[in-house]
Amino acid sequence: MDTPPPPKQQKQSSSTELDFDNLRAIKVLGKGAMGTVFLVHDRVADPCARTPYALKVVEKSTLHMKFEADRRARWEIQVLTKLSGRNSHPFLPHLISSLETQDFLAWAVPFCSGGDLNVLRYRQHDRVFSPAVVRFYLAEIVCALEHLHEMGIVYRDLKPENILIQQSGHVTLTDFDLSRTLRKRTVKTILSSADHHHFDQPANPQSLALSLDTQKKHRHRHPIPHRFDRRNLTRWLPTLPSNDKTGLKKTKSARVSPRGWTRIPVDWWALGILTYEMSYGTTPFKGKNRKETFRNILSKKPEFVGKRNELTDLIERLLEKDPTKRLGYQRGACEIKEHVFFKGLRWDLLTEVLRPPFIPARDDTNLTETTEGVDIREYFQNLKAPPSLPPSRLPSPSSECHRSMSLKEF
Ligand SMILES: Nc1ncnc2c1ncn2[C@@H]1O[C@H](COP(=O)(O)OP(=O)(O)OP(=O)(O)O)[C@@H](O)[C@H]1O
């Protein structure tokens with residue numbers, strides 16, 4: 001199994017030490033199933049909040065599925081640690097610091113002031129991005145996924161809500177609690193552009209649909225159908241043990257991939273769904289209910305409005321049902337980078353693009369001490385007492401983003 005044992009240390013050794021008592025939360029940035037993310041600064045080290053950061057806080061005592069959430073939180077810290085230092089990447093977060101108190105697990109990552117790609121898409125005319133904008137974001141996401149895969153991590157949670165926009169306008173992927181590691185030999189195999197047959201299997205197979213080798217491995221434990229077809233899928237789903245459902249709970253059914261939930265091609269499938277959503281404003285396989293959605297995932301081809309072009313071809317090749325035929329299966333990200341949709345793109349200059357499609361407006365006024373802050377401990381106490389909850393301060397999708405189309409640089 002690839003999920004590591006939880007780190008034992010109370011504090012991550014890092015140049016930025018977090019001290020819960022010194023932290024001032026400026027506002028709540030978002031709330032997920034696992035924790036709440038605050039925009040914070042250190043009153044002592046950074047009294048003027050010049051370099052605030054995002055602090056994800058998980059309360060230890062009130063977790064449902066306590067063990068599972070705790071394990072996922074520690075795993076996320078571990079992934080972020082892995083993505084720090086010399087393994088950092090411009091389109092991925094790194095761990096600034098983490099801490100554990102009796103009541104909380106918390107970790108700090110760089111603040112992304114531009115909100116997420118979903119919020120940004122909703123601000124667009126017709127709720128879709130132009131192909132040029134899709135191309136820019138996809139290129140950065142492909143680079144981020146490529147780096148994760150090279151680090152031996154399969155992301156498994158690619159969706160617009162998990163793609164944040166940095167102040168510079170470049171992207172950052174967030175939320176690594178569903179990710180998994182691959183065996184070393186698999187990583188080597190990827191790097192040497194050979195096939196992807198030997199992926200690590202998780203102890204709790206979170207696959208919606210397990211590939212044949214996984215099925216063999218677990219057949220004695222779960223009544224997994226030998227042949228994977230539509231009937232088998234629907235019959236098998238309710239038999240998942242409760243602790244195997246974490247991935248499914250978090251992943252909307254319309255995003256689930258046909259096979260190999262723990263393997264790299266699942267990220268390329270998710271990239272196909274994301275590309276479709278960014279380009280058409282809707283999700284390709286959504287049915288009237290879960291069953292129909294799963295049926296669509298397994299058998300329906302994505303439909304396109306308008307003429308076929310390089311973009312629709314890319315989507316079709318990423319949404320190939322058979323992972324072994326899917327773009328990216330043979331040679332990883334290189335295959336996607338070589339697709340005609342990206343023709344002429346200067347991959348080496350992506351980070352140099354000074355004016356990405358949308359650059360968040362600076363909103364410094366919110367960061368001063370005069371702004372009423374959020375007391376983190378009080379915030380969690382209020383959550384336990386629903387009748388006296390203060391008015392919601394849930395994240396304002398980021399401040400105005402002004403459009404400055406200049407993708408000529410790459
Ligand atoms: N670095 C960041 N900068 C700005 N906002 C952030 C940052 N990280 C997270 N957020 C905000 O907080 C929200 C929740 O974060 P995240 O998805 O990491 O939490 P989660 O508990 O793992 O959520 P999920 O339910 O998806 O598992 C995000 O959707 C985003 O709006």
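Quick note: residue numbers are just sequence positions, from 1. For ligands, and for the atoms within them, numbers begin at 1 and follow the listed sequence.
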Original post:
Against heavy atoms of F111, which atoms of ligand 1 measure under 4.0 Å?
Top reply: 3 (N), 4 (C)
Subject >> Nearest candidate to atom 21 (O) of ligand 1, where distance is taken over non-hydrogen atoms, out of R72, K31, M34 >> reply: M34
Original post:
Going by the atom numbers of ligand 1, which of them fall below 4.0 Å from some non-hydrogen atom of G35?
Top reply: 21 (O)
Original post:
Any idea which atoms of ligand 1 are less than 4.0 Å away from a heavy-atom of V109?
Top reply: 1 (N)
Original post:
Is L311 close to F304 at the side-chain level, that is, under 4.5 Å between some pair of heavy atoms?
Top reply: no
**OP:** Using a strict cut-off of 4.0 Å, indicate which atoms of ligand 1 neighbour a heavy atom of T174.
**Re:** 8 (N), 18 (O)
Original post:
Using a heavy-atom cut-off of under 4.0 Å, does the side chain or the backbone of C112 touch ligand 1, or both, or neither?
Top reply: both
Original post:
Among the heavy atoms of P110, does any lie under 4.0 Å from an atom of ligand 1?
Top reply: yes
Original post:
Which of the numbered atoms in ligand 1 are below 4.0 angstrom from a heavy atom of A33?
Top reply: 21 (O), 23 (O), 24 (P), 25 (O)
Original post:
In terms of ring plane angle, is the pair F136 and H170 parallel, tilted or perpendicular, where the classes change at 30° and 60°?
Top reply: tilted
Original post:
Less than 4.0 Å between a side-chain N and a carboxylate O, is that true for E146 and K337?
Top reply: yes
Original post:
With the threshold set at 4.0 Å, does a side-chain nitrogen-carboxylate oxygen contact exist between R326 and D322?
Top reply: no
Original post:
How are the rings of F176 and Y155 set relative to one another: parallel (under 30°), tilted (30 to 60°) or perpendicular (over 60°)?
Top reply: tilted
Original post:
Which of the listed options, I96, T172, V37, V28, holds the heavy atom that is closest to atom 15 (O) of ligand 1?
Top reply: V37
**OP:** Before accepting this row, confirm whether a basic side-chain N of the pair D116/K159 lies closer than 4.0 Å to the acidic partner's carboxylate O.
**Re:** no
**OP:** Compare D157, N118, L164 and give the one whose heavy atom is closest to atom 30 (C) of ligand 1.
**Re:** L164
Original post:
Is it true that E277 and R121 have a side-chain N and a carboxylate O under 4.0 angstrom from each other?
Top reply: no
